[in-house]
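A quick write-up on the structure given underneath.
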There are 2 protein chains.
Amino acid sequence: MALEIKPTQALRLWREVHLDLVRDTQADLSVRQTAILLTIYLELPPHTVRGLAARLGVTKPVITRALDSMGKLGLVTRKRDEFDKRNVVIQRTVAGALAVEHLADLVTARARELGAA
Amino acid sequence: MALEIKPTQALRLWREVHLDLVRDTQADLSVRQTAILLTIYLELPPHTVRGLAARLGVTKPVITRALDSMGKLGLVTRKRDEFDKRNVVIQRTVAGALAVEHLADLVTARARELGAA
DNA sequence: CCGGATCGTTACGGGGCCGTATCATTATCG
DNA sequence: CGATAATGATACGGCCCCGTAACGATCCGG
């Protein structure tokens with residue numbers, strides 16, 4: 001069952017949510033960071049630096065740095081893989097789950113406000 | 001007529017489009033720039049620096065700098081207001097319209113792919 | 001006509017992100 | 001064991017963005 005959305009609706013939805021994000025001083029994630037965060041919280045674990053880099057089509061340092069800054073914000077945590085100590089497993093946090101949930105609220109609320117176009 | 005979308009669908013849509021944006025080397029707009037671009041192309045002209053700053057809840061230099069970089073990309077143009085030469089009128093461009101249309105395509109295409117959740 | 005208000009821009013200091021190249025650590029295989 | 005591969009982190013130079021404060025240009029009211 002697909003979600004039907006018209007181009008004008010899509011643009012208005014995108015704009016309203018982005019206006020909310022800009023006004024929301026707290027949320028200061030870049031496009032890359034947002035993609036990483038949502039991948040971690042929507043796809044099945046385990047998540048690794050290498051896996052995320054391949055998934056997003058970016059280099060590993062991008063992931064490492066994004067995890068650094070998102071870690072400072074408390075949105076994710078890192079843990080060494082005990083079975084292969086070269087790997088780092090990225091874990092979810094309560095704050096991260098709340099942030100994702102907040103984003104979902106924003107999008108659904110703005111979608112609900114959209115008139116037909 | 002509102003657009004009904006479930007939280008899980010919203011998050012998946014957001015993630016897929018953001019993955020597209022990350023992979024699309026060309027599109028390199030920040031959240032602020034995206035909000036500005038869509039405001040210019042979705043709301044009725046005329047648009048001014050001061051108006052956009054108030055609309056987004058940011059300071060004027062933010063708008064000036066965003067217009068600088070978006071101008072380099074050919075997405076917008078500036079013109080002095082002839083009736084009040086203090087004002088600058090922001091104008092749309094063909095390239096900007098295409099970029100907005102491309103974003104609409106991305107969102108609608110990803111929405112169509114979404115299964116019910 | 002002139003002082004104050006308004007508009008957009010610029011200067012400054014600070015911080016973040018980028019890609020490339022390199023590094024330390026760990027695993028693997030002969 | 002020792003060489004090689006793989007993983008994530010780090011160093012570097014460069015670029016962009018931010019907020020505050022100041023600036024020149026323009027309009028307006030007395």
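These numbers were taken from a predicted model, which means no experiment stands behind them. In what follows, chains are A, B, ... by sequence order, proteins preceding strands, each numbered from 1. No hydrogens, no waters, no symmetry mates; every other heavy atom, side chains included, goes into these values.
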Measure from the ring center of A/H18 to the ring center of B/W14 and say whether it is less than 6.0 Å. yes
Return the OG1 to NE2 distance between B/T39 and B/H47, rounded to the nearest 0.5 Å. 7.5 Å
Grab the [atom1]-[atom2] distance between [X] and [N] for me, whole Å please.
X	N	atom1	atom2	answer
A/E82	C/dA27	CD	P	10 Å
B/D28	C/dC18	CG	C1'	9 Å
A/Q33	C/dG16	CD	C1'	9 Å
A/M70	C/dG16	CE	C1'	15 Å
A/L67	D/dT10	CG	P	12 Å
B/L52	C/dT9	CG	P	11 Å
A/I63	C/dG16	CD1	C1'	16 Å

Within the 4.0 Å heavy-atom criterion, would you say [X] contacts the bases, only the backbone, or no part of the nucleic acid?
X	result
B/K85	sugar-phosphate
A/V58	nothing
B/S30	nothing
A/R65	base

Nucleotide of [options] approaching [X] most closely (side-chain heavy atoms):
X	options	result
B/N87	C/dT6, C/dG8, C/dC18	C/dG8
A/T59	C/dT20, C/dT10, C/dC7	C/dT20
A/R86	D/dA5, D/dG8, D/dT20	D/dA5

Mind listing the closest non-hydrogen atom pair of [X] and [Y] along with its distance?
X	Y	value
B/L29	B/L73	CD2-CD1, 4.1 Å
A/R23	B/L56	CG-O, 3.6 Å
B/L19	A/R55	CD1-NH1, 4.3 Å

Between B/R32 and A/T48, which residue's closest nucleotide on DNA chain D lies nearer the 5′ terminus? A/T48
By nearest heavy atom, map B/R78 and A/R80 onto DNA chain C; which one lands nearer the 5' end? B/R78
Any side-chain N or O of B/T64 less than 4.0 Å from the OP1 or OP2 oxygen of C/dT9? yes
